[in-house]
Chemist: 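Got a structure here, written out as structure tokens. Questions coming.
By convention in this document, chain letters (A, B, ...) are assigned in the order of the sequence lines, proteins followed by strands, and residues within each chain are numbered from 1. Since we're looking at a predicted model, the values are computed, not measured.
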Amino acid sequence: MRARCIFIKRKILDHSEGLLTDREKNEVGKHLESCAKCRALLAKMEESARALEALREFPVRISDSFKERAVRNITSAEPKRRPVIRFSPSIAASLSAIAALILILVILVAIKPWGLKTTRTQMEPTVSQEFKANKSTPEGLERSGGKSAADQTATAPMPEKAEGLVVPSAVEKNANYNKDSIRNMVENLALRKEVAESMTMGHSMLYSATYAKRLADEFTKINEDGALIEAMISYITRSEPVLLPFYGEKALYEGRDAFIIVFAGPPRTGESVALSRCEVWVLEPSSFKVNPDSSILLFLEHKF
Amino acid sequence: MPFTSGEQQNLSDDELISLAKSGDQKAVEELFDRYYKRIYVFLYRATGRREDAEDLCQEAFLLAFKNIGSFKGKSSFFTWVYKIAINRFRDHVRREKRRPLPIKSQVDEESFTGSVDTRASLVPQMSDEPGDKVETYQDVRKALQRIHPKYRVPLLLNAVEEMPYEEIARLLGLPVGTVKSRIFRARMMLAEMMGEKRATEKQRGTN
């Protein structure tokens, strides 16, 4: 009987979906007559079928303004431009294109020693590029005498497209935060209001990496290890590509050295107000650790 | 905002995709318009919250269009965006888990622990529906949120989207057998929760 039950168990999902052949249906039916356990199983399947039916019956209402908002956000973000090589109908043109490519390659090879700087100035560095850059910097910096190395003077340019977007900043503060005081700090942050007014989801997705670099540069300016901070930020934004790190502090958190990074999330637009999301992450540089109190999430109202 | 003209509506997905690749925003709009509702509905039922569904839906399309250059047409555009949406949902769940209890914010006292939002504004308007049905609907929504996303996603794809097992398997990158057993387990869990709920209500009724 037990083997039979396992067989029925396998078939019972199909049975409730009406996917069984007549022969199988007969078999299952016969077994059910004699097995209370399997009957209970079938009853459960029917119960869940009713529940799901109830779910299907209610149409999901989509906010009237959602489509418009979403389209605005989506089309305002520039698509990632990939170099498109168009094959010209004439062979001569193709050849000249190849020649041009070779020339570019040669130039790239020639300027390789400045490769790191080149990636820093790109509009949209990829995560892997960032990590490559970072991996080599922390130890390299220590060996070459610290953070004042010439390499660190290159700052990531703010994207031209992001006119009106705030420039990230980092400061060192003589403060010892806890959960409450950190919240107060963020709520009163003037920069937060500026970000809330200017950013869109498209911005945050496009410029997240650029902001991470720029904020890391700001930390470097106050003699902190920018590369380490950038790597930690990349760790956070990898699973949430729409967070924009725009403000950082070097301070104490419950007595321990910490970097406090404030991220802005894309605003949620309601009928008359927008909620601008802020996430605060407390990073502990000594152990490359994210404080468990991190991702303190604040939804702050922002009237348009 | 002017939406797509009739011209775009007559184009096939493939034609729209090549236009979108060359930066045609009307084509992007039309593609969004064709598929956002289904993806939104899935995300709403998966997250149980309107705001999350809106965010994730936008993010999925934004990511899709940002990377449209790498879309090779091996699957349909819809499947591709759907996959991105499911991945975004998985990331979302991972992040929600990491979040500690929320600190009360100035205005919005929303809960971030992944529980169902019961605020009236988030509940679909259905004043003309009989009370019982509304209650069952709300119970199912709440119960779904208690089912692990691993089981919840295939269940929703199967039961609400009415996707065949094979398509779900392709979408989630799982063997068909695994998909079926997850749906089975999800339905068992759902039934148990609904049964429990009814039992407690009965008890309350007799007291």
Chemist: Answer yes or no: is there a donor N or O on one side and an acceptor on the other, between the side chain of B:Arg187 and the main chain of A:Ser48, under 3.5 Å?
Modeler: no
Chemist: Select one option (side chain, backbone, both, neither) describing which atoms of B:Asn158 are under 4.5 Å from chain A's heavy atoms.
Modeler: side chain
Chemist: Is B:Glu54 paired with A:Arg69 through a side-chain N to carboxylate O contact shorter than 4.0 Å?
Modeler: yes
Chemist: For B:Leu155, is it the side chain, the backbone, both, or neither that has a heavy atom closer than 4.5 Å to a heavy atom of chain A?
Modeler: side chain
Chemist: Tell me, side chain or backbone of B:Val28 under 4.5 Å from chain A's heavy atoms, or both, or neither?
Modeler: side chain
Chemist: Would you check if B:Met194 and A:Arg50 make a side-chain contact, meaning some heavy-atom pair closer than 4.5 Å?
Modeler: no
Chemist: Side chains of A:Leu41 and B:Met188: closer than 4.5 Å at any heavy-atom pair?
Modeler: yes
Chemist: Under 4.5 Å heavy-atom distance to chain B, tell me which part of A:Leu19 shows up: side chain, backbone, both or neither.
Modeler: side chain
Chemist: Under 4.5 Å between any side-chain heavy atoms of A:Phe58 and B:Arg141, yes or no?
Modeler: no
Chemist: Roughly how far apart are A:Glu57 CD and B:Thr136 OG1, rounded to 0.5 Å?
Modeler: 9.0 Å
Chemist: Roughly how far, to the nearest 0.5 Å, is CD1 of A:Ile74 from CG of B:Leu63?
Modeler: 10.0 Å
Chemist: Top residue by heavy-atom pair count (under 4.5 Å) with chain B, among A:Glu46, A:Glu47, A:Glu53?
Modeler: A:Glu47
Chemist: Which atoms of B:Arg90 come close to chain A, meaning under 4.5 Å heavy atom to heavy atom: side chain ones, backbone ones, both, or neither?
Modeler: neither
Chemist: Less than 4.5 Å apart, side chain to side chain, heavy atoms only: is that true for B:Lys37 and A:Lys67?
Modeler: no
Chemist: Checking heavy atoms, do the side chain of A:Ala49, its backbone, both or neither come under 4.5 Å from chain B?
Modeler: both
Chemist: Should we count CZ of B:Arg185 as having more than 12 external heavy atoms under 6.0 Å?
Modeler: no
Chemist: Identify the two heavy atoms, one from B:Tyr137 and one from A:Ala54, that lie closest to each other, and give their separation to 0.1 Å.
Modeler: CD1-O, 3.8 Å
Chemist: Taking B:Ala159's backbone N and O only, do any of them form a donor-acceptor pair with A:Arg56's side chain (distance below 3.5 Å, no angle check)?
Modeler: yes
Chemist: Just checking A:Asp64: does its CG atom have more than 12 heavy atoms from other residues, nucleotides or ligands closer to it than 6.0 angstrom?
Modeler: no
Chemist: Step by step, work out the side-chain contact (heavy atoms from CB on, under 4.5 Å) result for A:Ile62 and B:Arg50.
Modeler: CA-CA 8 Å; A:Ile62 304 179; B:Arg50 202 167 291 286; 5.6 Å; no
Chemist: Is there a side-chain contact between B:Phe184 and A:Ile12, using heavy atoms and a 4.5 Å cut-off?
Modeler: yes
Chemist: Looking at side-chain heavy atoms only, is the closest gap between B:Tyr36 and A:Val71 below 4.5 Å?
Modeler: no
